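Since the structure comes first, as structure tokens, the remarks are kept for the end.
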Protein chains: 2
Amino acid sequence: MHEATLTIGQLAERSGVAPSALRYYERLGLIHAARTGGNQRRYARTELRRVAFVRISQQVGVSLDEIREALDSLPAGRTPTPDDWAALSRAWRDRLDERIRLLGKLRDDLDGCIGCGCLSLQRCTLYNPDDSLAAEGPGARLVLPRD
Amino acid sequence: MHEATLTIGQLAERSGVAPSALRYYERLGLIHAARTGGNQRRYARTELRRVAFVRISQQVGVSLDEIREALDSLPAGRTPTPDDWAALSRAWRDRLDERIRLLGKLRDDLDGCIGCGCLSLQRCTLYNPDDSLAAEGPGARLVLPRD
DNA sequence: CTCGGACCTGAAGCGAACTTCAACTCAAGG
DNA sequence: CCTTGAGTTGAAGTTCGCTTCAGGTCCGAG
């Protein structure tokens, strides 16, 4: 017990992520594993933290691809320090703030806008939030949760 | 101009939703259209509101299937009143509140938890939120560790 | 009446994030 | 040594929310 490395089943149980998902993450380069002579994965305990970071980032609304980019920015060679992780999470924090802000606006406008008489949807603050519309050309494009 | 019904192109332009998406919504029973003799769709102007409701609901994080259920609860037969819409949106508002609350918690814990020394992920408030979290998108489910 | 752009349908494709399957191999307890 | 459960692979399947495509039809301005 409490050995140096974890099997995929152990990592799965400790992280709450299915083995199939862990293999998938590995294919995407989100996590890494050493191999035994018999080709089985053995995970360093630090991978637990990577998995946690992945899952938390997903809750923030970040795609696995972006998460990979973020993880790639961790120092190669040495085990990341708490400060390394904190730096990573600060970037996410900004996204989170923005997301919370938008949802708050949505909430504030919800009753009024849905209930109101306006059919002029393109002008509606709710339907056409000023921030998420920047690009996308002419007409009212509704750009969604991604940003 | 300003005619009684809208073609799919007009509804698309006014709502900012692609014609293909509108046809898709119709297949799912989210919106409805009358047909001309030549089988082309003609939308009542009230459909604009349904489309708006769909898009707004998506931002709240509700699936199209749940949105359909909600729309089905609108009074059949008569055109929904502002009050009908307001009732509908109040339910969403609760979800929104919950979602904002969870994201706020995520934010509050983010630096501390990711940066901290705990590897005891299953106990981490962040990783293992006590509440069930609405999934962000397809497949992006948070599978909680067994308590 | 003609022309071209808007519209129709069903089927297929897409991308994200996985899961499932089949057919194996590995590893640890008895 | 043998059994059994855990692990391996690549390929294919799944769900969601659409978009794209092919092969046609409609309709309104000229």
Side-chain angles (χ1 to χ4, degrees), chain A residues 1 3 5-43 47 51 53-69 71 136 139 141-147, chain B residues 1 3 5-31 33-43 51 53-69 133-144:
Chain A
M1 63 217 73
E3 289 163 43
T5 61
L6 301 167
T7 66
I8 196 170
Q10 290 167 335
L11 182 58
E13 184 159 357
R14 282 182 164 284
S15 67
V17 174
S20 59
L22 294 174
R23 293 194 193 97
Y24 178 67
Y25 290 168
E26 183 175 330
R27 261 205 343 265
L28 299 190
L30 295 167
I31 59 176
H32 306 284
R35 296 301 180 116
T36 65
N39 199 36
Q40 296 197 350
R41 291 173 180 81
R42 286 303 120 94
Y43 294 96
E47 295 301 303
V51 175
F53 183 77
V54 169
R55 297 304 249 192
I56 289 166
S57 302
Q58 285 187 303
Q59 288 188 61
V60 180
V62 183
S63 71
L64 292 184
D65 207 57
E66 285 180 285
I67 296 169
R68 188 190 41 70
E69 282 174 32
L71 284 170
E136 288 348 282
R141 273 242 165 259
L142 182 63
V143 184
L144 281 174
R146 283 290 160 259
D147 299 306
Chain B
M1 66 210 70
E3 291 163 44
T5 61
L6 302 167
T7 66
I8 195 169
Q10 290 167 335
L11 182 57
E13 184 162 355
R14 283 182 165 282
S15 66
V17 176
S20 58
L22 294 174
R23 293 193 193 100
Y24 178 67
Y25 290 168
E26 183 174 331
R27 258 202 346 263
L28 298 190
L30 295 166
I31 59 177
R35 297 300 181 115
T36 64
N39 199 35
Q40 296 197 353
R41 291 170 179 82
R42 286 302 121 92
Y43 295 94
V51 176
F53 182 78
V54 170
R55 296 304 250 191
I56 289 166
S57 302
Q58 286 187 302
Q59 287 188 62
V60 180
V62 183
S63 72
L64 292 183
D65 206 57
E66 286 181 284
I67 295 169
R68 188 190 41 70
E69 282 174 33
L133 185 64
E136 193 66 34
R141 253 174 296 284
L142 179 64
V143 181
L144 296 173

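For the numbers below, each heavy atom of this structure counts, side chains included, while hydrogens, waters and symmetry mates do not. Just so we're clear, the structure is a prediction, and the values are computed from it rather than from any experiment. Here is the naming used below: chain letters follow the sequence lines, and residue numbers restart at 1 for every chain.
For B:Arg23, there are no side chain to side chain donor-acceptor pair (under 3.5 Å) partners two or more places apart in sequence or in a different chain. With sequence neighbours left out, the side chain to side chain donor-acceptor pair (under 3.5 Å) criterion links A:Glu69 to no other residue.
Among the nucleotides C:dC18, D:dT20, C:dA17, the one closest to any side-chain atom of A:Ala21 is C:dC18. Here the nucleotide nearest the side chain of B:Ser63, chosen from C:dA17, C:dT19, D:dG17, is D:dG17.
A heavy-atom distance below 4.5 Å is not found between the side chains of A:Val54 and A:Val51. Considering only heavy atoms from C-beta on, B:Arg42 comes within 4.5 Å of B:Thr7 through its side chain. The shortest distance between side-chain heavy atoms of A:Arg41 and A:Arg35 falls below 4.5 Å. Side-chain atoms of A:Leu64 and A:Gln58, non-hydrogen and from C-beta on, do get closer than 4.5 Å to each other.
Going from atom CD of B:Glu66 over to atom P of D:dC16 covers 11 Å, rounded to whole Å. Rounded to whole Å, atom C1' of D:dG17 lies 15 Å from atom CZ of B:Arg68. Put simply, CG on B:Leu28 is 13 Å from C1' on D:dT15, counting in whole angstrom units. Rounded to whole Å, the distance from OH on B:Tyr24 to C1' on C:dC14 is 13 Å. Taking atom CD on A:Glu26 and atom P on D:dG10, their separation rounds to 11 Å, with Å as the unit. For the pair A:Arg55 CZ and C:dA16 C1', the interatomic distance rounds to 13 Å; values are reported in whole Å. For the pair B:Arg27 CZ and D:dC18 C1', the computed distance is 9 Å after rounding to whole Å.
Look at A:Thr36 and you'll find a side-chain N or O under 4.0 angstrom from OP1 or OP2 of C:dA27. The phosphate of D:dG17 (OP1 or OP2) has no side-chain N or O of B:Tyr25 nearer than 4.0 angstrom.
Going from atom CG of A:Leu71 over to atom CD1 of A:Ile31 covers 10.0 Å, rounded to the nearest 0.5 Å.
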Mind listing the N/O atom pairs, protein and nucleotides 6-9 of chain C, below 3.5 Å?
from, atom 1, to, atom 2, distance (Å)
C:dC7, OP1, B:Thr7, OG1, 2.9
C:dC7, OP1, B:Gly9, N, 3.0
C:dC8, OP1, B:Arg41, N, 2.7
C:dC8, OP1, B:Arg41, NH1, 3.0
C:dC8, OP2, B:Arg23, NE, 3.2
C:dC8, OP2, B:Arg23, NH2, 3.1
C:dC8, OP2, B:Arg41, NH1, 3.3
C:dC8, O3', B:Arg35, NH1, 3.4
C:dC8, O3', B:Asn39, ND2, 3.4
C:dT9, OP1, B:Arg35, NH1, 3.1
C:dT9, OP1, B:Arg35, NH2, 3.1
C:dT9, OP2, B:Arg41, NH1, 2.9
C:dT9, OP2, B:Arg41, NH2, 2.7

